[in-house]
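Quick caveat, the model's predicted, so the values are computed rather than measured. Any value given below was found using the heavy atoms of this structure, including those in side chains, with hydrogens, waters and symmetry copies removed. Just follow the structure's listing: the first ligand is 1, and inside any ligand the first atom is 1.
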Amino acid sequence: MNKNIVVIEGDGIGPEVTRQAIKVLNAIGEQFNHEFAYRYCLMGAIAIDKTGNPLPDETVESALNSDGILFGAIGHPKYDNDPTAKVRPEQGLLKLRKSLQLFANIRPITTYPSLHHLSPLKTKSIEDVDFIIYRELTGGIYFGKKETSADGTTASDACIYSKEEIERIAHLAFRQAQRRRRKVTLVDKANVLETSRLWRKVVKEISSKYTDVALDFLFVDNAAMQIILNPKQFDVILTENMFGDIISDEASVISGSLGLLPSASIGTGSALFEPIHGSYPQAAGKDVANPLGSILSVAMMLDHFGLEKEALLVRTAVNWTLQHGFVTKDIDPVNFYFTSTIGELISEFVSNKIPVDVNRENIELRKSTII
Ligand code: IPM
Ligand code: MN
């Protein structure tokens, strides 16, 4: 199989984690005879620095013509505390989502037994937690009309949804539930918001086509609480853009490290894959960030290409590193390995270069020396 992949490394730790993901993808290519060609493009603070534009036209053009996009992270502290900044890195990502019509953002929340102790929740409540969030990504309050009054004292952001926007993501969520434990939970605020009432009506209508899937509803404030109290109850969570943004960050900490979680944004054309963590500027260039979110995003990309065996091998390799304690600083602040070492280990596992009775000593040598 030949695939043209656009790589957007972005800001902060984006480049170093993405590099590990590419190592792994190359190892998969070699192992299974696939050809992955890469085109590097700019977006975010680095694009503003180099071109004045957070999303140069060339990036959109290349992304539209690609088979998939691998994205690192976006954001720089110099923009975060400046509400007057006219140009911001995030505008690049929002515009890319809109230009590619990436209407569904998919975030799986998985837990790993070897990391249970890192979760802020008790082990008993996180064992076997496995759910997936379908967040609408190109509508709602993110993209409604934004206004500030002439005197600068009043501002508004409109939240708008159409039936079609709700239907297309709802179908994806129900189909996913059919492949899982057959339950969809719609998270909304239908006791207050008109848009949420439309979501309920449309999703209820659609559910009649999926009689094998159970549908239930939760107000977003209650959902935020339930995710902490009893995360096991969820299978597929379906929700609008802003609620999805908030609850997916909340859910991400259940597994023990934000650095582990991948995501896929899919739509009408090429899909985009990215770790859900941000640009983590304090760690940039230090080779300490966790590359697993990016590597697992590659597994989601492979699944999207229909390469299920390949995706499974990447996930097996990731599990192998976690089980053997080959982990980055976020997971073990004392005995940690470098970002690049984890990337290498996973690619070597994929290439079958790690013997079953691995000589731990050899790998130990590549451990961090700055602890
Ligand atoms: C995310 C991020 C983005 C969002 C930001 C960077 C615009 O938080 O992908 O969840 O709010 O959608
Ligand atoms: Mn977010």
Side-chain angles (χ1 to χ4, degrees), residues 8-15 17-18 21 42-48 53-55 59-60 63 69-83 85-109 131-144 146 157-161 165 169 187 220 223-224 227 237-255 257-267 271-281 284 289 293-294 296-297 300-301:
I8 303 177
E9 294 183 329
D11 306 322
I13 57 168
V17 295
T18 307
L42 291 173
M43 182 167 84
I46 184 165
I48 300 176
N53 183 350
L55 183 66
T59 302
V60 180
I69 302 135
L70 185 63
F71 168 52
I74 205 166
H76 192 283
K78 72 181 168 202
Y79 300 96
D80 290 348
N81 299 318
D82 179 7
K86 287 263 172 309
V87 184
R88 320 182 140 269
E90 291 79 5
Q91 290 163 344
L93 182 58
L94 296 176
K95 194 169 156 213
L96 186 68
R97 286 173 179 169
K98 202 69 176 174
S99 313
L100 298 180
Q101 280 293 301
L102 300 172
F103 62 82
N105 181 233
I106 303 164
R107 297 182 167 181
I109 307 295
F131 64 95
I132 187 160
I133 300 173
Y134 274 66
R135 164 189 175 194
E136 201 291 328
L137 202 60
T138 50
I141 199 165
Y142 271 62
F143 291 95
K146 300 180 183 305
D157 298 274
C159 181
I160 301 171
Y161 268 110
E165 284 174 313
I169 184 166
V187 169
V220 62
I227 285 173
I237 292 183
L238 168 63
T239 191
E240 60 99 78
N241 202 345
M242 175 81 129
F243 298 156
D245 179 45
I246 298 168
I247 62 164
S248 62
D249 262 30
E250 184 195 10
S252 73
V253 298
I254 295 175
S255 65
S257 173
L258 180 65
L260 280 170
L261 296 168
S263 78
S265 298
I266 67 172
L272 178 143
F273 302 85
E274 60 170 310
I276 89 158
H277 60 68
S279 59
Y280 192 16
S294 189
L296 289 167
S297 298
M300 290 187 88
M301 179 186 265

Q: Kindly give the heavy-atom pair with the smallest separation between Ile8 and Thr59, and that separation in Å.
A: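 Looking at all heavy atoms of both residues, the closest pair is CD1-CG2, 3.8 Å.
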Q: Specify whether an N/O/S atom of Asp245 falls short of 2.8 Å from the Mn ion (ligand 2).
A: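 An N, O or S atom of Asp245 is closer than 2.8 Å to the Mn ion (ligand 2), so yes.
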Q: Starting from atom 8 (O) of ligand 1, locate the nearest protein heavy atom and write down its residue, its atom name and how far away it is, to 0.1 Å.
A: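 Among all protein heavy atoms, the one nearest atom 8 (O) of ligand 1 is Asp245 OD1, 3.4 Å.
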Q: Using distance alone, decide if ligand 1 has a nitrogen or oxygen within less than 3.5 Å of any nitrogen or oxygen in Glu274.
A: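 Among all N and O atoms of Glu274, none is under 3.5 Å from an N or O of ligand 1.
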Q: Exactly one of Leu94, Val87, Leu93 should register a side-chain contact (heavy atoms from CB on, under 4.5 Å) with Pro54. Which one does?
A: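 For Pro54, the side-chain contact (heavy atoms from CB on, under 4.5 Å) test succeeds with only one of Leu94, Val87, Leu93, which is Val87.
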Q: Check Arg135 against ligand 1 and report side chain, backbone, both or neither, counting heavy atoms closer than 4.0 Å.
A: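 It is the side chain that touches ligand 1; the backbone stays farther off.
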Q: What residue and heavy atom of the protein are closest to atom 9 (O) of ligand 1, and at what distance?
A: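 Going by distance alone, atom 9 (O) of ligand 1 is nearest to Arg97 NH2, 2.7 Å.
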Q: Are any of the heavy atoms in Gln91 under 4.0 Å away from ligand 1?
A: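 So Gln91 does not count as touching ligand 1.
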Q: Which residue holds the protein heavy atom closest to atom 1 (C) of ligand 1, what is that atom called, and what is the gap in Å?
A: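 Its nearest protein heavy-atom neighbour is Arg107 NH2, 3.4 Å.
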Q: Could you report the tightest heavy-atom contact between Leu258 and Ser252, atom names first, then the distance?
A: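 Smallest heavy-atom distance, with atoms named: CD1-OG, 3.1 Å.
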Q: Identify the closest protein heavy atom to atom 11 (O) of ligand 1: which residue and atom is it, and at what distance?
A: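 Nearest neighbour among protein heavy atoms for atom 11 (O) of ligand 1, to 0.1 Å: Tyr142 OH, 2.5 Å.
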Q: Please confirm whether Glu90 comes within less than 3.5 Å of ligand 1 when only nitrogen or oxygen atoms on both sides are compared.
A: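 Between Glu90 and ligand 1 (N or O atoms, distance only) the closest approach is not under 3.5 Å.
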Q: For Asn81, I'd like to know if atom CG has over 12 heavy atoms of other residues, nucleotides or ligands within 6.0 Å.
A: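 Incorrect, the count does not exceed 12.
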Q: Of all the heavy atoms in Met242, does at least one lie under 4.0 Å from an atom in ligand 1?
A: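 In this structure, Met242 fails to qualify as a contact of ligand 1 - no heavy atom is under 4.0 Å.
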Q: Find out whether the Lys NZ or Arg CZ of Arg135 is both under 6.0 angstrom from the six-membered ring centre of Tyr142 and within 45° of the ring's axis.
A: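 The answer is yes; both the distance and angle limits are met.
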Q: To the nearest 0.5 Å, what is the distance between CE on Met301 and CD1 on Ile69?
A: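 The CD1 atom of Ile69 is 7.5 Å from CE of Met301, to the nearest 0.5 Å.
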Q: Do other residues, nucleotides or ligands put more than 12 heavy atoms under 6.0 Å from the OH atom of Tyr280?
A: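 No, OH of Tyr280 has 12 or fewer neighbouring heavy atoms, counting only those of other groups under 6.0 Å.
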